[in-house]
Amino acid sequence: MYILLRNGGVKLKIQGVVLAGGHSRRFGRPKAFAKKDGIPFFEYSIRALEKHCQSLVIVTNPHIKEQFEKAIVNETIQIINDEIEFRGQGPLSGIYTAMEHCPAEWYMVSPIDVPFIQPNIFEILLRHISDQYEVIVPIVCEKIQPLLALYHYSLKEEMKRNLQMNQNSLIEFLVNQRMKYIFIECDHYFININSQEDYKKFIQAN
């Protein structure tokens, strides 16, 4: 989908990316299908992204790809596995895989373990798109949030080179990129559920 941006009316293709390639070892079962208010976690990520990009892809691993295929009735949402060559190398691999399979100018990224995420977070990030930057990333409570961010297609080949050298840290990759930091005060939207303890604290207790 081509998004009409307010600043100058420039049309840019924005691709939504849901990162679901992890194995949820700390959680004990696939986090994507855990529920908040009867709704699977992955659905919250989709809802937050789809407000701003009609084209969506879920990047996952072979162990749960079939579960996603059964759970998602929207046929316009692609479900793909991480590139075989880089499988198991974390979020950097997932973002690269999306770039490899879904050509666009910008990639709007969300993980599947942030069930409090809201569309307005991505609306804020989109306002700051500029030719000056390759990454638009929030900072919340002095902590960078690279899994809820915008990435420009120009980063694709450098991502590939890093992955080929097993340099798969997303934080370290970002150090040398042209980044725009967006400071956001409310950390509620960015709560991620990593363990059963997190689930009990943030989901079951509310």
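Computed from heavy atoms alone, side chains included, the values below leave out hydrogens, waters and symmetry copies. Computed from a predicted model, the values in this text were never measured in an experiment.
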Working to the nearest 0.5 Å, report the span between [atom1] of [X] and [atom2] of [Y].
| X | Y | atom1 | atom2 | answer |
| --- | --- | --- | --- | --- |
| N81 | F68 | CG | CZ | 11.0 Å |
| N74 | I46 | CG | CD1 | 7.5 Å |
| R25 | K31 | CZ | NZ | 11.5 Å |
| L92 | F173 | CG | CZ | 6.0 Å |
| F116 | N192 | CZ | CG | 11.0 Å |
| F202 | E197 | CZ | CD | 11.5 Å |

Could you tell me whether F42 and F33 have their ring centroids closer than 6.0 angstrom?
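Aromatic pair counts; centres sit under 6.0 Å.
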What heavy-atom pair brings [X] and [Y] nearest, and what distance separates the two atoms?
| X | Y | value |
| --- | --- | --- |
| D82 | S93 | OD1-OG, 3.5 Å |
| I112 | S45 | CA-OG, 3.8 Å |
| H101 | P103 | O-CD, 3.6 Å |

Quiz question: by atom type and distance under 3.5 Å, do the side chains of N166 and N168 form a donor-acceptor pair?
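No pair is found: no donor N or O on one side chain lies under 3.5 Å from an acceptor on the other.
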Quick one: does Y44's side chain have a donor or acceptor within less than 3.5 Å of a partner on Q118's backbone?
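Flag not set: sc Y44 to bb Q118 has no pair under 3.5 Å.
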Salt bridge flag under 4.0 Å for residues [X] and [Y]:
| X | Y | value |
| --- | --- | --- |
| E43 | R47 | yes |
| K65 | E69 | yes |
| R87 | E83 | no |
| K13 | E105 | no |

